[in-house]
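The chain is numbered in sequence order, starting from 1.
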Amino acid sequence: MSEDKKKQGESPAPITLGLRLVGGGYLVWLAFQLVPELLISSGIRNLIQLVFMTLFFLTGSIMIIWSLKKLLFKGPEQSGSFSEDEQEHIL
């Protein structure tokens, strides 16, 4: 059972990766929506918006890159994961 949990921790389900991809895209979009507000505001509000805009952009970008990396490179790794016994039963 611990081996199954290790495998799940290494490669999340494709639907989970898809949701992380969408969530990351939303955070990047939200960061760009703060740009016009940043130009209008001043003072401490400007600083807070700049901090959150940067935080949203960095977090969203990391989520997108990580999810795409896992989605694109998961295929070849998963296809070769059958043992010899399992391959004999499949054929």
Side-chain angles (χ1 to χ4, degrees):
M1 185 149 126
S2 62
E3 292 177 14
D4 292 335
K5 287 186 179 182
K6 286 181 185 177
K7 286 184 181 181
Q8 285 180 344
E10 293 174 2
S11 59
I15 189 73
T16 303
L17 292 173
L19 289 174
R20 287 180 186 169
L21 190 65
V22 170
Y26 175 72
L27 286 175
V28 170
W29 175 80
L30 193 60
F32 282 111
Q33 293 299 313
L34 287 174
V35 171
E37 293 292 326
L38 188 67
L39 299 174
I40 301 171
S41 63
S42 62
I44 191 72
R45 183 176 178 174
N46 193 7
L47 179 65
I48 291 172
Q49 286 178 342
L50 182 64
V51 167
F52 279 99
M53 182 180 74
T54 306
L55 182 69
F56 290 164
F57 182 76
L58 289 177
T59 305
S61 298
I62 290 170
M63 286 175 67
I64 289 171
I65 292 168
W66 185 81
S67 297
L68 284 175
K69 182 180 168 185
K70 287 285 187 177
L71 279 172
L72 294 177
F73 295 119
K74 185 180 177 185
E77 178 182 305
Q78 189 178 24
S79 64
S81 65
F82 294 116
S83 69
E84 291 178 17
D85 294 334
E86 291 174 336
Q87 288 178 355
E88 288 176 5
H89 291 294
I90 292 173
L91 299 175

N/O donor to acceptor pairs below 3.5 angstrom from side-chain atoms of residues 28-36, sequence neighbours left out:
none

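Taking hydrophobic clusters as Ile, Leu, Val, Met, Phe, Trp and Tyr residues chained together by side-chain heavy-atom distances below 4.5 Å, Leu55 shares a cluster with Leu47. Criterion: ILVMFWY side-chain heavy atoms under 4.5 Å apart, direct or through other members. Under it, Ile65 and Leu71 are not part of a common hydrophobic cluster. Grouping the Ile, Leu, Val, Met, Phe, Trp and Tyr side chains by contacts below 4.5 angstrom, directly or via other members, places Ile44 with Leu38. Hydrophobic clustering (side-chain heavy atoms under 4.5 Å, transitive across Ile, Leu, Val, Met, Phe, Trp, Tyr) keeps Leu19 apart from Leu68. Residues Phe57 and Val22 are members of separate hydrophobic clusters, defined by side-chain heavy-atom contacts under 4.5 angstrom among Ile, Leu, Val, Met, Phe, Trp and Tyr.
Considering all non-hydrogen atoms of both residues, Leu21 and Ser67 come closest at N-OG, 3.7 Å. Of all heavy-atom pairs between Leu17 and Trp66, the closest is CD2-CZ3, 3.6 Å.
Counted within 6.0 Å of CG on Leu39, heavy atoms from surrounding residues, nucleotides or ligands total more than 12; the atom is thus considered enclosed.
The stretch residues 35-51 participates, sequence neighbours left out, in these side chain to side chain donor-acceptor pair (under 3.5 Å) pairs: Ser41-Gln49.
Between Ile62 and Thr59, every side-chain heavy-atom pair lies at or beyond the 4.5 Å cut-off.
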